[in-house]
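Naming: A, B, ... by sequence-line order, numbering from 1 per chain.
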There are 2 protein chains.
Amino acid sequence: MPTPAKPTRLTPVHSELATMLAQCGLKVTRPRLAVLKIFKNSTHPISVQEVAAALPSLPTIQASPPINSVTIYRVIDSFRQKGLIREVNLRHGHLDYEIIEHLDDHHHIVCTSCGLVEDFYGCGATSLIRTAIKNSRNFATVNEHTVELFGLCRKCISL
Amino acid sequence: MPTPAKPTRLTPVHSELATMLAQCGLKVTRPRLAVLKIFKNSTHPISVQEVAAALPSLPTIQASPPINSVTIYRVIDSFRQKGLIREVNLRHGHLDYEIIEHLDDHHHIVCTSCGLVEDFYGCGATSLIRTAIKNSRNFATVNEHTVELFGLCRKCISL
DNA sequence: ATTCTAAATGCAAGTTAGTTGCAACAAGTA
DNA sequence: TACTTGTTGCAACTAACTTGCATTTAGAAT
Ligand SMILES: [Mn+2]
Ligand SMILES: [Mn+2]
Ligand SMILES: [Zn+2]
Ligand SMILES: [Zn+2]
C-alpha cells in the first residue's frame with residue numbers, strides 16, 4: 001500500500017500573518033496567508049495581477065497546487081473589506097493595493113513619466129479634516145484620507 | 001428629388017467649449033464637444049459609462065447618429081492627456097473623471113456607505129509639497145496632487 | 001479525537017470593460 | 001478649393017473580473 005497523501009489541513013501556525021487574519025475574523029487559509037505575505041513583502045502598492053505573478057515564488061505555493069485567480073480576487077476583496085489593505089490610484093493604469101500599517105498617515109509621490117513611487121508620511125490631514133467638516137453641509141466624520149503627489153523624479157527631469 | 005442629407009461638417013462655433021478644445025490643440029469635433037459639455041454640466045466626477053449614458057440626452061446628439069463607445073474612450077483619454085480632465089478614485093468601484101478648473105485645489109469628501117460626494121477646496125498642499133520634496137530622495141518637482149477624504153454623511157450615520 | 005456547519009476554494013462559464021487595426025471621413029490649413 | 005493629418009466608426013479581439021455551483025476545510029462544538 002503506497003503512503004497515502006498527507007492531510008492538507010493546516011497546522012495551527014501561530015505566525016504573525018495568521019494572527020493578523022484571525023484578528024480580523026478571517027479564517028486562516030493557505031491562499032490568504034500567501035497573499036498576505038506578498039503584501040507584507042512588497043515595498044510599494046501592487047495590483048491584483050502583480051499579486052498573482054508573485055505568488056508562485058512563495059515556497060508554500062510551490063509545494064502545492066497553484067492558487068486559482070478567482071480566489072486571489074476574493075482574498076484581496078476580503079482584505080480590503082476588513083481594512084487590512086487599502087486601494088490606491090497611482091495613475092499606473094490600474095488600481096493598486098498596499099497593506100495598512102498601524103497609525104497610518106502614509107502617502108505617495110509618483111513620477112508621471114516613469115511611474116516611480118516613493119512613500120511619504122505625515123500629511124497633516126487632521127487639521128484639514130477639521131476644517132473640511134466644519135465647512136461641509138453633509139459630513140460629520142472622516143475615517144480615512146488619501147493624498148498622492150504627482151511630479152517628476154530627478155532622472156526623468158534630466159531626460 | 002428628396003432633399004439630400006445636410007453635410008455634417010461643423011459650422012465654426014466659437015463657443016466656450018470649442019475654444020477650450022482648440023486651445024489644447026484638439027480638433028473641434030462633434031463627439032468632443034458633446035463629451036466636454038457633459039463634463040461641464042456635471043457637478044461631480046463621473047465614469048466613462050456615465051458619460052456614455054448622458055450623451056443621448058444632448059440635443060446635438062439626438063439630432064444625429066449616436067457616438068460610438070470606442071470614440072468615448074478615445075475622447076476621454078485625449079482630454080486626460082491634455083489636462084482638461086483629471087482621474088479621481090472615489091472608491092465607487094470604478095474611476096471617475098472631472099473637469100479641471102483653473103487654479104485647482106479642489107478635492108472630495110465621500111461617504112463610504114452611500115457614495116455621496118461633496119467638494120472641498122484649499123487642502124494646503126503647497127507647504128506639504130515643500131516638505132515632501134525636501135525629504136524625498138528622488139523627487140524635485142510636484143505638479144499635481146490628489147486629496148480625498150472618506151467618512152460617513154449625516155444621513156448614513158443616523159441609520 | 002470526532003462531528004458539524006458556515007465559510008472558502010476551485011472550476012467552468014459568462015459578462016463586460018476596454019483595446020486594436022483599418023478604412024472612411026472631416027477639421028484645420030494652405 | 002484641395003490637401004493632409006488627426007479623428008471616427010466598425011468589427012474583432014483581449015483580458016479583467018464576475019457568477020453559480022459542487023467540493024473542501026477551518027474553526028467551533030461536542
Ligand atoms: Mn506606500
Ligand atoms: Mn469635484
Ligand atoms: Zn521618473
Ligand atoms: Zn452616506
Side-chain angles (χ1 to χ4, degrees), chain A residues 5-15 17-36 46-53 55 60-61 64-82 84 87 89 92-97, chain B residues 5-15 17-36 46-53 55 60-61 64-82 84 87 89 92-97:
Chain A
K6 279 284 168 59
T8 57
R9 179 166 295 223
L10 286 172
T11 57
V13 190
H14 287 115
S15 68
L17 299 179
T19 314
M20 287 180 66
L21 293 173
Q23 280 180 352
C24 314
L26 291 172
K27 289 188 177 175
V28 178
T29 66
R30 200 175 59 96
R32 283 184 179 152
L33 285 169
V35 172
L36 187 54
I46 51 179
S47 65
V48 178
Q49 319 304 325
E50 287 171 307
V51 171
L55 280 173
T60 351
I61 303 304
S64 358
I67 295 175
N68 191 282
S69 67
V70 178
T71 303
I72 301 175
Y73 283 107
R74 295 199 268 225
V75 165
I76 289 179
D77 199 56
S78 70
F79 286 5
R80 194 191 44 70
Q81 280 185 45
K82 297 295 186 180
L84 275 176
E87 193 181 281
N89 179 7
H92 287 175
H94 55 254
L95 292 178
D96 288 301
Y97 300 88
Chain B
K6 281 281 169 60
T8 56
R9 179 165 295 222
L10 287 172
T11 57
V13 191
H14 288 115
S15 68
L17 299 178
T19 313
M20 287 179 66
L21 293 174
Q23 280 180 352
C24 315
L26 292 171
K27 288 189 178 175
V28 178
T29 66
R30 198 175 61 95
R32 283 184 181 151
L33 285 169
V35 172
L36 187 54
I46 51 180
S47 65
V48 176
Q49 319 302 327
E50 287 171 306
V51 171
L55 280 172
T60 352
I61 303 303
S64 359
I67 295 175
N68 190 282
S69 67
V70 178
T71 303
I72 302 175
Y73 284 107
R74 293 199 270 227
V75 165
I76 289 178
D77 199 56
S78 69
F79 287 5
R80 192 190 47 72
Q81 280 184 45
K82 296 295 186 181
L84 276 176
E87 194 181 281
N89 179 7
H92 286 175
H94 54 254
L95 292 179
D96 288 301
Y97 300 88

I want to check something: taking the side chain as every heavy atom from C-beta on, are B:Val75 and B:Ile67 in contact at a cut-off of under 4.5 Å? no
Can you find a pair of side-chain heavy atoms, one from B:Ser78 and one from B:Lys27, that are under 4.5 Å apart? no
Over all atoms of both residues, closest heavy-atom pair of [X] and [Y]:
X       : Y       : result
A:Pro31 : A:Thr71 : CB-CG2, 3.7 Å
B:Ala34 : B:Leu55 : CB-CD2, 3.7 Å
A:Val48 : A:Tyr97 : CG2-CE1, 3.9 Å

What are the atom names and distances for every N/O pair under 3.5 Å that joins the protein to nucleotides 13-16 of chain D?
none

Pick out the pairs of N or O atoms, protein on one side and nucleotides 7-11 of chain C on the other, that lie under 3.5 Å.
| from | atom 1 | to | atom 2 | distance (Å) |
| --- | --- | --- | --- | --- |
| C:dA7 | O4' | A:Lys27 | NZ | 3.2 |
| C:dA8 | OP1 | A:Arg32 | NH1 | 3.2 |
| C:dA8 | OP1 | A:Arg32 | NH2 | 2.9 |
| C:dA8 | O5' | A:Arg32 | NH2 | 3.4 |
| C:dT9 | OP1 | A:Thr29 | OG1 | 2.6 |
| C:dG10 | OP2 | A:Asn68 | N | 3.3 |
| C:dG10 | OP2 | A:Thr71 | OG1 | 2.6 |
| C:dG10 | N7 | A:Arg74 | NH2 | 2.9 |
| C:dG10 | O6 | A:Arg74 | NH2 | 2.8 |

side-chain hydrogen bond (donor to acceptor under 3.5 Å, both in side chains) partners for B:Asn68, two or more places apart: none
Spacing between [X] atom [atom1] and [N] atom [atom2], to the nearest angstrom:
X       : N      : atom1 : atom2 : result
A:Gln23 : D:dG27 : CD    : C1'   : 16 Å
A:Ile76 : D:dT18 : CD1   : C1'   : 15 Å
A:Leu95 : C:dA17 : CG    : P     : 16 Å
A:Tyr97 : D:dC17 : OH    : C1'   : 11 Å

Is there a donor-acceptor contact under 3.5 Å linking the side chains of A:Glu50 and A:Ser47?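 Per modelled atom types, A:Glu50 and A:Ser47 side chains form a pair under 3.5 Å.
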Backbone N/O of A:Glu87 and side chain of A:Arg80: donor-acceptor pair under 3.5 Å: no
